[in-house]
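In what follows, chains carry the letters A, B, and so on, assigned in the order in which the sequence lines appear, proteins first and then strands, with residues in each chain numbered from 1. We use all heavy atoms of the structure for the numbers below, so side chains are in, but hydrogens, waters and symmetry mates are not.
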Number of protein chains: 2
Amino acid sequence: MSKSLVLLTPADTAACCSPLTVEPLTMQQAEQVAPLLKALADPVRLRLMSLIASRESSEACVCDLNDAFDLSQPTISHHLKVLHEAGLVDRDKRGVWVYYRARTAALASLGALVGNPAR
Amino acid sequence: MSKSLVLLTPADTAACCSPLTVEPLTMQQAEQVAPLLKALADPVRLRLMSLIASRESSEACVCDLNDAFDLSQPTISHHLKVLHEAGLVDRDKRGVWVYYRARTAALASLGALVGNPAR
DNA sequence: CATCTATATTGACAGATGTTGATGCCTGTG
DNA sequence: CACAGGCATCAACATCTGTCAATATAGATG
């Protein structure tokens, strides 16, 4: 059971609405999407996300991520948890190491919501 | 002097970097971009932004925006200020009324950074 | 089993954030 | 000039957030 099950997460709600420039969000929609933005709206988490998502496999080991920051290990662990609970990354324990994988689909729909693909 | 001057705002830093899925952000880049996401990462502000950006003229009067929420007028004023200071909206006082206009270019580059147009 | 290593959880704390009522500042109008 | 209405600012408050040291957990290894 090392592969995490594909369950419904907050990130799945990113595709709930048309881009900001197209149609106003209902309060309910805004409350669904805001947590995703909040998860990214921290310098450390934003960089964590970029470090994970820019890998060829879209995944990175915590051991590598820890070294990329001048922060304590619990702090990084906390930020990864926030990203995971928002549904922006999947968690996969392999042996002693834990890998986080970017949910690129969630990122894509979130990006489409914020900045219209302009086409 | 009703038209707000076009000055350098935080939003201008959104185009600072390649998409998250392409290249990792430096800490400095992350610290530049995160405030933009933070400005949008509140349900009220996200909906405010959508209410403004989805208008044909990309602008809306505060008087209309106030009515769209079940919140006090100072609260809406506060959120609009946050969006403005992030550089996501421009402020334009016309007579007694104040209009906020979406910086669609800023939204576009922010969206492109989060979710790569994948092409 | 004892131990080491990688990661998560807990508890605590300072600082940031969202909200409101009261108040101030403009601007148009009588 | 006095007043009314639209919006911003202020002061105060409860709540949330980022951070770390200490500790727990879980897997590998001797």
Side-chain angles (χ1 to χ4, degrees), chain A residues 1-4 10 25 27 30-31 33-49 51-52 59-86 88-101, chain B residues 1-4 10 25 27 30-31 33-49 51-52 59-86 88-101:
Chain A
M1 195 158 56
S2 77
K3 285 277 177 186
S4 59
L25 269 53
M27 201 56 203
E31 281 168 353
V33 176
L36 297 185
L37 291 167
K38 201 172 227 172
L40 285 180
D42 176 275
V44 174
R45 287 195 294 269
L46 185 61
R47 192 157 104 91
L48 276 172
M49 195 70 205
L51 285 166
I52 297 169
E59 75 178 10
C61 174
V62 174
C63 52
D64 294 330
L65 298 173
N66 275 328
D67 296 343
F69 296 85
D70 201 24
L71 291 170
S72 72
Q73 172 266 321
T75 297
I76 301 298
S77 185
H78 160 70
H79 285 304
L80 287 170
K81 184 181 186 180
V82 172
L83 288 173
H84 182 239
E85 286 179 345
L88 290 172
V89 296
D90 282 328
R91 189 178 177 277
D92 186 16
K93 185 162 189 175
R94 296 207 281 272
V96 188
W97 292 278
V98 174
Y99 291 80
Y100 283 88
R101 181 187 306 259
Chain B
M1 197 161 46
S2 76
K3 286 276 177 185
S4 61
L25 270 53
M27 201 54 202
E31 280 168 354
V33 176
L36 298 185
L37 292 167
K38 202 173 227 171
L40 285 181
D42 175 276
V44 174
R45 288 196 294 268
L46 185 60
R47 191 157 104 90
L48 276 172
M49 196 69 206
L51 286 166
I52 297 169
E59 74 178 10
C61 174
V62 174
C63 52
D64 295 330
L65 297 174
N66 275 326
D67 297 343
F69 295 85
D70 200 25
L71 291 170
S72 71
Q73 173 266 321
T75 298
I76 301 299
S77 186
H78 161 70
H79 285 303
L80 287 170
K81 185 181 185 179
V82 172
L83 287 173
H84 181 237
E85 287 180 342
L88 290 172
V89 297
D90 281 328
R91 189 177 177 278
D92 185 16
K93 183 164 189 173
R94 296 207 280 272
V96 188
W97 291 279
V98 174
Y99 291 80
Y100 283 89
R101 182 187 305 260

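One can place CD of A:E85 at 15 Å from P of D:dC16, the figure rounded to the nearest angstrom. Whole-Å rounding puts the B:L65 CG to D:dA8 P distance at 10 Å. Following rounding to the nearest Å, B:L80 (CG) and D:dG6 (P) show an atom-to-atom distance of 16 Å. The distance from atom CG of A:L40 to atom P of D:dG18 is 12 Å, rounded to the nearest whole Å. In this structure, A:F69 atom CZ and D:dG18 atom P are separated by 13 Å, rounded to whole Å. For the pair A:W97 CH2 and C:dT5 C1', the computed distance is 9 Å after rounding to whole Å. Atom CG of A:L83 is separated from atom C1' of D:dT17 by 14 Å (rounded to the nearest Å).
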Every protein N/O within reach of nucleotides 18-20 of chain C N/O, cut-off under 3.5 Å:
{"residue": "C:dG18", "atom": "OP1", "partner": "B:D42", "partner atom": "OD2", "Å": "3.4"}
{"residue": "C:dG18", "atom": "OP1", "partner": "B:R45", "partner atom": "NH1", "Å": "3.4"}
{"residue": "C:dG18", "atom": "OP1", "partner": "B:R45", "partner atom": "NH2", "Å": "3.0"}
{"residue": "C:dG18", "atom": "OP2", "partner": "B:R45", "partner atom": "NH1", "Å": "3.3"}
{"residue": "C:dT19", "atom": "OP2", "partner": "B:H79", "partner atom": "NE2", "Å": "2.4"}
{"residue": "C:dT20", "atom": "OP2", "partner": "B:S72", "partner atom": "N", "Å": "3.0"}
{"residue": "C:dT20", "atom": "OP2", "partner": "B:S72", "partner atom": "OG", "Å": "3.0"}
{"residue": "C:dT20", "atom": "OP2", "partner": "B:T75", "partner atom": "OG1", "Å": "2.6"}

Taking N or O atoms only and anything under 3.5 Å, show me the protein contacts with nucleotides 24-30 of chain C, one pair per line.
none

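Partners of A:E31 by salt bridge (Lys or Arg N to Asp or Glu O under 4.0 Å), not counting sequence neighbours: none found. When the side-chain hydrogen bond (donor to acceptor under 3.5 Å, both in side chains) test is applied to A:H78, no partner is found at least two apart in sequence or on another chain.
Put simply, B:R91 has a side-chain N or O that comes within less than 4.0 Å of OP1 or OP2 on D:dA8.
Shown here for B:A30 and A:P43, the closest heavy-atom pair between the two residues is CB-O, 3.4 Å. A:A86 approaches A:A39 most closely through the heavy-atom pair CB-CB, 3.6 Å.
Two residues are said to be in side-chain contact when any heavy atoms from C-beta on lie closer than 4.5 Å; B:V89 and B:L80 fail this criterion.
Screening residues 37-46 of chain A for salt bridge (charged side-chain N to carboxylate O under 4.0 Å, His left out) gives no qualifying pairs among residues at least two apart or on separate chains.
Between B:Y100 and the options B:H84, B:E59, B:M49, a side chain to side chain contact (heavy atoms under 4.5 Å, CB included) holds for only B:H84.
Across all strands, B:Y99 comes closer than 4.0 Å to no nucleic acid atom at all (heavy-atom distances).
Between the side chain of B:R47 and the backbone N or O of B:A68 there is at least one donor-acceptor pair closer than 3.5 Å.
Here the CG-NE2 distance, from A:L71 to A:H79, works out to 6.5 Å after rounding to the nearest 0.5 Å. The CD1 atom of B:I52 lies 9.5 Å from the CG atom of B:L88; values are rounded to the nearest 0.5 Å. Note that CG of B:L36 is 11.5 Å distant from CG of A:L37, once rounded to the nearest 0.5 Å.
Summary of helix geometry: the two end axes of the helix from C:dC1-D:dG30 to C:dG30-D:dC1, each defined by five base pairs via their C1' atoms, are inclined to each other by 10° (rounded to 10°).
Distance from the side chain of A:K81 is smallest to C:dT9 among C:dT9, C:dA6, D:dA8.
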